[in-house]
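Remarks on the structure that follows.
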Amino acid sequence: MIYVAVVLLPLAGAAIAGLSGPWIRDRGAQVVSCGSVSLSALLSIFIFYDVAIGGNARVIELFTWFDSGDLKASWALKFDTLSAVMVLTVSMVSAWIHIYAIGYMAGDPGIPRFFAYLNLFTFFMLILVTAENFLQLFFGWEGVGLLSYLLIGFWYDRPAANAASIKAFIVNRVGDFGFTLGILGVFVLFGSLSFDLVFAAVPDKVGTTLNFLGMEIDALTLVCLLLFMGAMGKSAQILLHTWLPDAMEGPTPVSALIHAATMVTAGVFLVVRLSPMFEYAPIALAVVAVIGATTALVTATIGLVQNDIKRVIAYSTCSQLGYMFFAVGVSAYPAAIFHLVTHAYFKALLFLGSGSVIHALAGEQDMRKMGGMWRKLPVTYAVMWIGGLALAGVGIPFFIGFAGYYSKDIILGAAWGAHSWVGTYAFWLGIATAVLTAFYSWRLLFLTFHGSPRADARVMAQVREAPKVMTIPLGFLALGAVVSGGIAYSAFVGEGMAAFWGDSILILDSNTALLEAHQAPPWVVVLPTVMAVAGIAIAWLMYIRRPELPRRLAGRFRAVYLLLYRKWYFDEIYDRLFVFPANDLGRGFWHSGDGAVIDGVGPDGIARAALNLARRAGRLQTGYVYHYAFAMLIGVVAFVTWYLYARAG
């Protein structure tokens, strides 16, 4: 009962808050939604200890969903170590975001709707991570996509929010097209959609080919790449990453929920869940590693010059997801999930901390209009430092560090330990990303909290620390950003790794990257920390010591600055290749097809013909008696003529 309740409680909260909003009002909706997800978080702790620590993995079948020919799919909840870790992370971080949202959304006219959406978002993510088969996973997958659309566009009276929600929905449809083809490929290849049945049959399908677009392609490679295409969309990897920064148009708790606990982590979870398939598709793994490493570096470079506080953190999310994917690409699946968990805490902390700044400045998000606030917002300032240190992976090598220090460094060690061209590519791009990450993190801190205040004097006079309902969640997330890495290290990626993960993750004996990471030479261990410290030092030099430097560098390297500021021109390229042609095609069909042919010949044409006929008939109505007499005479003559001809015939 507890296992079912942990998933269904957020659904119940969403139903009550959403359908009973007019009766229970704002406070009732907040209590119901926060209470349901908090209770789910408490139950997830018990499940984690029972399944991950106690080894009591299980599948709970609720009912048969599909049974048509060879297609059989049950609605079942799969609880193994991987699911238990994800359920704990999703529900715990989501609960603190729900509580924080009480203060952040105070006074908003749509509070019951907002909290119902948050609950429903959490429910779909829990369905996704506990799915027993591909079909159920797809249900949760599409559910989080739908809720991201609703939450990003929650303030629907803002054109920018509507545009961002539509962009997120459409870009994810591109990835989900590949994902759907991948699921169909799984059914064609294995005749089943159950994870257990598919995974058991994978070794027998090695070397099998499928005809795709007229080519014979290795079946496992093809299916894995199609499934990974869906992961690229959900987890905002390069080429399909453009929706995520625009998603910042939604309320800040939405940004935190999307980036830390739900939607964007779904792609990483998917590939790790499918490790028994990807392990037998080395080409697909190599593609995952290259895409991940490239995403990590490219999106980090964009974050260097963005001025919206939430967009900087959003590009940081893309970059950190790149780390997770290139960990997967070198078969370091536990390291990817380890970074996913630590990242959930410090990324939620950074987003909610930025939300406190925005809340204090009455909605201002441009860091160029901030500054000089560290004394006015001491709690927010402190937790943002903690989040920044965790994100940058700062620590004392071989001794202790923040959460990101443990999880990011083991990923870099695994990339080095792969001893392959893919691993080397990922390692050095990861090292370059480390210095960029530290730089933009402290650029954000220095611009937001240090220097002379750049906000309007009246706004600065009203700056106050957020209420306790917002600062208490920040404190707990900060605790997670400090200690989660050290606590989980041994079980997730250390000596207890094999016993902890059990059968939930498969790594072939030939893939030893994660084991090699523990034997890495000292320079591999120390280098990421050196890069992080260097990035912080450069940011201090440019934004504290010599604040004129950024403007001078931007002027001297104008082309490079514009390339990064315009986000490598991805949006402009997509506009030219897809958006503008689609608009022109649609406009052409509208005017030529719909307007000229369908409406012109159809209802509009018939209406015009009837109107023209009526006008012509109207001209006969002159009102003169002699015209009518003449018409009658013509009629009589015509009738007599017809009668005589008829008799003569």
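Values below: every heavy atom of this structure, side chains too, minus hydrogens, waters and symmetry copies.
Between Y406 and F338, the distance from one ring center to the other does not fall under 6.0 angstrom. Ring centroids of F46 and Y49 are separated by 6.0 Å or more, keeping the two rings apart.
In terms of modelled atom types and a separation under 3.5 Å, the side chain of T294 and the main chain of I291 share no donor-acceptor contact. Not a single donor-acceptor pair under 3.5 Å links the side chain of R273 to the backbone N or O of F269. Remark: side-chain polar atoms of K78 are not paired, donor with acceptor, to backbone N or O of I60 under 3.5 angstrom. Proximity of a side-chain donor or acceptor of S275 to a complementary backbone N or O of I505 within less than 3.5 Å is not detected. Although no hydrogens or angles enter the test, the distance criterion places a donor-acceptor pair under 3.5 Å between the side chain of W243 and the main chain of G233. Side-chain N or O atoms of R311 include none that pairs as donor or acceptor with a backbone N or O of M248 at under 3.5 Å. Formation of a donor-acceptor pair under 3.5 Å by the S192 side chain with backbone atoms of S194 is found in this model. Looking at S441, its side chain never comes within 3.5 Å of a backbone N or O of A392 through a donor-acceptor pair. Under a 3.5 Å cut-off, the side chain of S148 and the backbone N or O of G145 do form a donor-acceptor pair. Proximity of a side-chain donor or acceptor of Q136 to a complementary backbone N or O of A76 within less than 3.5 Å is detected.
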Applying ring pair (Phe, Tyr, Trp, His ring centres under 6.0 Å) to W428 and W416, what does each step give before you reach the verdict?
CA-CA 9 Å; W428 286 111; W416 173 87; over 10 Å; no
Check against ring pair (Phe, Tyr, Trp, His ring centres under 6.0 Å), Y315 and H241
CA-CA 9 Å; Y315 278 110; H241 68 287; 7.0 Å; no
Output, in order, the C-alpha distance, side-chain angles, deciding distance and verdict of side-chain contact (heavy atoms from CB on, under 4.5 Å) for L227 and F134.
CA-CA 11 Å; L227 293 170; F134 283 92; 4.2 Å; yes
What do the steps show when you test L445 against W385 for side-chain contact (heavy atoms from CB on, under 4.5 Å), and what is the final call?
CA-CA 8 Å; L445 280 167; W385 260 89; 4.2 Å; yes
Determine, stepwise, if the pair L389 / Y405 fulfils side-chain contact (heavy atoms from CB on, under 4.5 Å).
CA-CA 9 Å; L389 291 167; Y405 163 78; over 6 Å; no
Evaluate the side-chain hydrogen bond (donor to acceptor under 3.5 Å, both in side chains) criterion for residues D80 and S504: first the C-alpha distance (whole Å), next the side-chain angles of each, then the deciding distance (0.1 Å), finally the verdict.
CA-CA 6 Å; D80 56 8; S504 64; 4.7 Å; no
Assess the residue pair M229 and L225 against the criterion (side-chain contact (heavy atoms from CB on, under 4.5 Å)); give the C-alpha distance rounded to whole Å, side-chain angles, the decisive distance to 0.1 Å, and a yes or no.
CA-CA 6 Å; M229 185 175 172; L225 286 176; over 6 Å; no
Can F228 and F179 be said to form a ring pair (Phe, Tyr, Trp, His ring centres under 6.0 Å), step by step?
CA-CA 7 Å; F228 175 60; F179 186 51; over 10 Å; no
Please evaluate residues F492 and F500 with respect to the criterion ring pair (Phe, Tyr, Trp, His ring centres under 6.0 Å), reporting the C-alpha separation (whole Å), side-chain torsions for both, the decisive distance (0.1 Å), and the verdict.
CA-CA 7 Å; F492 276 57; F500 180 76; 5.1 Å; yes
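Residues I431 and F427 meet the side-chain proximity criterion, which asks for heavy atoms closer than 4.5 Å. Contact annotation: the side chain of V330 never approaches that of N511 to less than 4.5 Å [non-hydrogen atoms, C-beta and beyond]. The shortest distance between side-chain heavy atoms of V87 and V6 falls below 4.5 Å. Contact annotation: the side chain of F402 never approaches that of T342 to less than 4.5 Å [non-hydrogen atoms, C-beta and beyond]. At a threshold of 4.5 Å between non-hydrogen side-chain atoms, the residues M125 and L147 do not count as touching. Between L506 and Y280 there is a side-chain heavy-atom pair separated by less than 4.5 Å. Taking 4.5 Å as the limit, some side-chain heavy atom of L412 sits within range of a side-chain heavy atom of F326. The shortest distance between side-chain heavy atoms of Y440 and L391 falls below 4.5 Å.
Remark: L226 CG to L184 CG distance equals 9.5 Å, nearest 0.5 Å. With rounding to the nearest 0.5 Å, the separation of CG in L197 from CZ in F190 is 11.0 Å. Here CE of M384 is found 7.5 Å from CG of L349. Values are rounded to the nearest 0.5 Å. In this structure, the separation between NE2 on H259 and CZ on F351 is 4.0 Å, given to the nearest 0.5 Å. Rounding to the nearest 0.5 Å places OG1 of T122 at 12.0 Å from CD1 of I127. Atom OG of S44 sits about 11.5 Å away from atom CD1 of I2, to the nearest 0.5 Å.
Nearest heavy-atom pair across L43 and L9 is CD1-CD1, 3.8 Å. Across W141 and G267, no two heavy atoms sit closer than the pair CH2-CA, 4.0 Å. Of all heavy-atom pairs spanning A131 and L137, the tightest one is CB-N, 3.4 Å. Contact between L270 and A231 at its shortest, heavy atoms only, is CD2-CB, 4.2 Å. Between H339 and S407, the shortest heavy-atom contact is ND1-OG, 2.7 Å. Across every non-hydrogen atom of C224 and A281, the tightest pair is SG-CB, 4.0 Å.
In the displayed structure, D196 atom CG is contacted under 6.0 Å by more than 12 heavy atoms of other residues, nucleotides or ligands. In this structure, F476 places its CZ atom where only 12 or fewer heavy-atom neighbours from other residues, nucleotides or ligands lie under 6.0 Å away. Heavy atoms of other residues, nucleotides or ligands lying less than 6.0 angstrom from OH of Y3 number more than 12. Within 6.0 Å of atom CZ in F398, more than 12 heavy atoms from other residues, nucleotides or ligands are found, so the atom counts as buried in its surroundings.
Checked by atom type, the side-chain pair E279/Y333 shows a donor-acceptor distance below 3.5 Å.
Electrostatic pairing of D176 and K234 counts as a salt bridge here, judged by a charged N lying under 4.0 Å from a carboxylate O.
Geometrically, R443 does not engage F439 in a cation-pi contact defined by less than 6.0 Å to the ring centre and at most 45° from the axis.
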